[in-house]
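Input: a single structure, listed below in structure tokens.
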Amino acid sequence: MRLVFVGPPGAGKGTQAKLICERWKIPQISTGDMLRAAKASGQLPEELVKQMAAGGLVPDEVVIDLISKRTQDADAKEGFLLDGFPRTVPQADALDRVLESRGQKLTVVLALEVPKENLIERAVLRRTDKRTGQIYHLKYKPPPPDAEAHLEHRPDDHEEVVRNRVEVYEKMTADLLPHYEKSGRLKRIDGVGTVEEVTARVIAALEAVR
Ligand code: ADP
Ligand code: AMP
């Protein structure tokens with residue numbers, strides 16, 4: 001299975017991706033996580049650090065290069081789940097070309113749909129355990145006491161930046177979702193409800209296309 005998760009910041013892509021990847025034993029590939037790891041090890045150019053901190057997108061070439069290399073790793077041979085990539089039509093076209101050159105294609109693109117008012121609350125109260133990458137929410141998925149000292153509040157998860165990220169997302173998907181819809185590869189998933197309810201919808205959508 002070669003899957004793409006599209007959805008605004010805070011929609012629950014990372015949360016659902018982890019569960020789906022465990023179930024189907026495929027790697028979760030998140031350009032956001034890869035960029036944050038590059039930043040943490042001091043390898044991300046300062047200009048890109050600034051673009052991320054402001055909630056803007058980094059240039060297409062940067063993420064296309066990351067994905068084209070990462071999807072060639074041995075663990076991605078039988079499939080993968082892309083989380084947060086592609087975000088633009090040029091990224092989507094580049095992904096198609098990379099896969100086509102390897103005789104592969106995407107199975108399906110899942111769009112997680114969540115209204116704006118829920119997104120801000122989901123992202124602003126998100127906390128991630130630095131040691132494990134486990135995603136928590138201060139209201140909906142409270143971290144256990146022993147994780148508290150290790151929680152990270154992403155610098156781009158403050159309200160003003162989240163609002164900007166949601167706006168950037170809306171502008172970019174104005175083209176991206178119709179692009180995938182036209183080629184019959186898009187499935188829309190209602191992302192409102194408990195994590196378990198949304199997972200059940202995602203699994204049902206995937207069972208229908210496998
Ligand atoms: P994304 O990867 O799309 O930015 P995350 O998976 O990190 O989103 O989820 C954003 C925040 O919302 C996290 O704090 C997560 O725990 C919480 N969350 C995820 N799914 C749900 C849900 N169905 N209901 C309530 N909160 C959720
Ligand atoms: P995410 O973790 O998916 O919310 O991504 C965090 C930030 O990383 C985004 O706000 C962008 O600055 C950058 N980023 C991640 N994926 C992409 C992408 N596919 N294209 C451009 N920028 C990206």
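In this text the structure is predicted, and so the values were computed from the model without any measurement. For ligands, and for the atoms within them, numbers begin at 1 and follow the listed sequence.
- Taking each of R87, K13, M52 in turn, the one with a heavy atom nearest to atom 1 (P) of ligand 2 proves to be R87.
- The environment of E47 atom CD is sparse: at most 12 non-hydrogen atoms of other residues, nucleotides or ligands sit within 6.0 angstrom.
- Applying the 4.0 Å criterion to heavy atoms of R36 picks out, from ligand 2, the atoms 2 (O), 6 (C).
- Here the protein heavy atom with the shortest distance to atom 4 (O) of ligand 2 is R165 NH2, 3.0 Å.
- Interface of Q91 with ligand 2, defined as ligand atoms under 4.0 Å from a residue heavy atom, comprises 18 (C), 19 (N), 20 (N), 21 (C).
- Within the 4.0 Å heavy-atom cutoff, G56 counts among the residues contacting ligand 2.
- Atom CG of L35 and atom CG of L48 lie 7.5 Å apart (nearest 0.5 Å).
- Which parts of ligand 2 touch L35 is read off a 4.0 Å heavy-atom cut-off, strictly below it: atoms 8 (O), 13 (C), 14 (N), 15 (C).
- Of all heavy-atom pairs spanning V168 and G55, the tightest one is CG2-O, 3.8 Å.
- Between the side chain of H137 and the main chain of K139, a donor-acceptor pair closer than 3.5 Å is present.
- Here L57 has heavy atoms under 4.0 Å from ligand 2 in both its backbone and its side chain.
- L177 CG to R188 CZ: the interatomic distance, rounded to the nearest 0.5 Å, is 5.5 Å.
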Can you check side chain to side chain donor-acceptor pair (under 3.5 Å) on R102 and T71, steps first, answer last? CA-CA 11 Å; R102 300 174 191 159; T71 51; 2.8 Å; yes
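- Distances below 4.0 Å separate heavy atoms of R154 from the following atoms of ligand 2: 1 (P), 2 (O), 4 (O), 6 (C).
- Going from atom CD1 of I67 over to atom CZ of R70 covers 8.5 Å, rounded to the nearest 0.5 Å.
- No side-chain heavy atom of R185 sits under 4.5 Å from any side-chain heavy atom of K105.
- Proximity to G84 (heavy-atom distance under 4.0 Å) selects the following atoms of ligand 2: 16 (N), 17 (C), 18 (C), 19 (N).
- If you take CD on Q104 and CZ on R2, they are separated by 3.5 Å, rounding to the nearest 0.5 Å.
- In terms of N/O distances under 3.5 Å, ligand 2 is approached by T31.
- At a heavy-atom cutoff of 4.0 Å, ligand 2 is contacted by both the backbone and the side chain of V58.
- Protein residues having at least one heavy atom under 4.0 Å from any atom of ligand 1 are P8, P9, G10, A11, G12, K13, G14, T15, R122, R126, I135, Y136, H137, Y140, G193, T194, V195, listed by chain and number.
- Tested against D83, the residues Q28, K18, K13, Q16 include a single side chain to side chain donor-acceptor pair (under 3.5 Å) partner, Q28.
- Salt-bridge formation is detected for the pair R23/E207: a Lys NZ or Arg NE/NH1/NH2 atom is positioned less than 4.0 Å from an Asp or Glu carboxylate oxygen.
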